[in-house]
Amino acid sequence: MRRIFAEIYIMMLTVVTPAFAGAHIAYDSDVNDVSTRAKSSASSSSLARKTRSGIIVLGSGKDVRAFEPYGGGHDNGEKYADAINRYKKAFGSSVNVYCMVIPTAVEYYCPDSIRSWTHDEKSAIDAIFSHLSDSVTRVDIYDVLATHKSENIYSRTDHHWAPLGAYYAAGCFADKAGLPFRDLSSYDSVVVRNYVGTMYTFSKDMAVKNAPEDFTYYVPRDVDYKATYIKYKLGRNRRVTGESLPVDDVFFLHYNDGSPSAYCTFMGGDSRTVKVRTSTKNGRRLLIMKDSYGNALPGYLFYSFEEIHILDFRYFSKSVVEYARRNNISDMLFANNIFHASLESTSNAYLRIM
């Protein structure tokens, strides 16, 4: 079985085995040639099909949901845990280090009748946690997300979680960090209507295109914040060829209804390093080490931290340890989805930029 792990800009093609391979690819296959159909006990997903590109599409009409199967195993997850352990050893007691491994939609919405199409994410997450040092704090969001799976915590038409899912995860992290956390009554909700994300591009299934959804995100009130960016210049294969001087810009970008880029609401995407200063004065400075799932987390933590720094391991090329010391970081959160945590290239990248 083939599966696709897609970021907004970077796509990786793999086979559903513990081995992962990366490639920059595009999809233009005819899904009708290879659709596979399966009966499900859930009426909302009574029809399941797998496209040529490996995407699973469930249901019909306005409730269609598309996601990719997970193909990872435990071996590379152990390497991911080891990389985090090395960061904790480097910092010692001066920095609190946390690990949040984020499940993807397939774990919560794949019907039992087609579970053989995917691997188990929970066991992979648990294996990572079991290899973490006792001095690294585990932020286990699996059960919290499961409790809220009837809500819009994952996009139906995009490979990311929805902002509401990130809200629940951020609450778990703030609790582990011993910091205050505001409920959604402290936020203004903003809706981008008729959103169809990456899953149509990757599946080429018209049912996905014809089932747009609302993309709802939350902007905090009664807290001041200022975002400063270093934006990376990208060349061939999206490799960094240069960077800008620090420039102030908005944290939340607004996209018009129908935009397929609504998830870029948070900081405008991945290829940048961001520093957010808030009006919360408690001396706590957070560094988030992340992939694109982590983009949705910082906006819920402006009430909790005095500063929040966001680095994407795929673009940052300097020393993380030096960056953290120079910015007096008190807390470091590794927030990666299980696909990235299961890639050997992820742990290698973290060690390379350490």
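Residue numbers run from 1 in the order of the sequence given.
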Proximity of Phe251 and Phe302 rings by center, below 6.0 Å: yes
Among Asn348, Asn336, Asn85, exactly one meets side-chain hydrogen bond (donor to acceptor under 3.5 Å, both in side chains) together with Tyr80. Which residue is that? Asn336
Between Asp120 and Lys122 (salt bridge meaning N to carboxylate O under 4.0 Å), is one present in this structure? no
Going by an N to O cut-off under 4.0 Å, is there a salt bridge joining Asp312 and Arg272? no
Step by step, work out the side-chain hydrogen bond (donor to acceptor under 3.5 Å, both in side chains) result for Thr273 and Tyr315. CA-CA 8 Å; Thr273 291; Tyr315 300 102; over 6 Å; no
Aromatic ring pairing Tyr168/His148, orientation class (parallel under 30°, perpendicular over 60°, tilted between): parallel
Look at the side chain of Asp158 and the backbone N and O of Gly197, then say whether any donor-acceptor pair between them is shorter than 3.5 Å. no
Do Leu253 and Ile308 share a hydrophobic cluster, counting only Ile, Leu, Val, Met, Phe, Trp and Tyr and linking them when any side-chain heavy atoms are less than 4.5 Å apart? no
With a 4.0 Å cut-off on N to O distance, would you call Arg314 and Asp270 a salt bridge? yes
Using the rule given for ring pair (Phe, Tyr, Trp, His ring centres under 6.0 Å), can you reason through Tyr195 versus Tyr263, listing the C-alpha separation, both sets of side-chain angles and the distance that settles it, and then say yes or no? CA-CA 10 Å; Tyr195 170 60; Tyr263 191 81; 8.6 Å; no
Under a 3.5 Å cutoff, is there a donor and acceptor pairing between the side chains of Tyr70 and Ser342? yes
Heavy-atom pair of closest approach, residues Phe266 and Pro163: CZ-CG, 3.7 Å
Under a plain distance cut-off of 3.5 Å, with no hydrogens placed, do Thr228 and Asp248 share a side-chain donor-acceptor pair? yes
Quick check: are there more than 12 heavy atoms from other residues, nucleotides or ligands sitting under 6.0 Å from NZ of Lys62? no
Would you kindly say whether His159 and Thr198 are connected by a side-chain donor-acceptor distance under 3.5 Å? yes
Between Glu213 and Thr157, a side-chain donor and acceptor under 3.5 Å: yes
CZ-NZ distance between Arg52 and Lys204, expressed to the nearest 0.5 angstrom: 13.5 Å
Of all heavy-atom pairs between Val321 and Ala90, which one has the smallest distance, and what is that distance? CG2-CB, 4.3 Å
Do Ser185 and Asp183 have a side chain donor and acceptor closer than 3.5 Å? yes
Going by distance alone, is a donor N or O of one side chain under 3.5 Å from an acceptor N or O of the other, for Tyr303 and Thr278? no
So that I know where these two stand, are Tyr109 and Phe67 an aromatic pair - ring centroids less than 6.0 Å apart? no
Determine, stepwise, if the pair Tyr293 / His340 fulfils ring pair (Phe, Tyr, Trp, His ring centres under 6.0 Å). CA-CA 10 Å; Tyr293 270 60; His340 264 141; 8.7 Å; no
Interatomic distance, Tyr87 atom OH to Ile84 atom CD1 [nearest 0.5 angstrom]: 9.5 Å
Is it the case that the side chains of His309 and Glu307 hold a donor-acceptor pair, with the cut-off being a distance below 3.5 Å and no angle test? yes
Is it true that Asp126 and Ser123 share a donor-acceptor pair across their side chains at a distance under 3.5 Å? no
Do Cys99 and Val139 touch side chain to side chain, with heavy atoms closer than 4.5 Å? no
Go through it in stages, so that I can follow the logic: the residues are Tyr142 and Glu107, the test is side-chain hydrogen bond (donor to acceptor under 3.5 Å, both in side chains), and I'd like the CA-CA distance, side-chain angles, deciding distance and then a yes or no. CA-CA 10 Å; Tyr142 188 94; Glu107 186 69 6; 2.7 Å; yes
Under a 4.5 Å side-chain heavy-atom rule over Ile, Leu, Val, Met, Phe, Trp and Tyr, are Trp161 and Val191 clustered together? no
Any side-chain donor paired with an acceptor under 3.5 Å for Asn96 and Asp331? yes
For the pair Tyr229 (side chain) and Val250 (backbone), establish whether a donor and an acceptor sit closer than 3.5 Å, ignoring hydrogens and angles. yes
Taking the six-membered ring where the residue is Trp, are the ring centres of Tyr167 and Tyr217 under 6.0 Å apart? no
Kindly determine whether Tyr300 and Tyr187 satisfy ring pair (Phe, Tyr, Trp, His ring centres under 6.0 Å), including the steps that lead there. CA-CA 9 Å; Tyr300 300 115; Tyr187 296 77; 5.7 Å; yes
Would Ser292 and His160 count as having a side-chain donor-acceptor pair, cut-off 3.5 Å? yes
More than 12 non-hydrogen atoms from neighbouring residues, nucleotides or ligands closer than 6.0 Å to CZ on Arg221, yes or no? yes
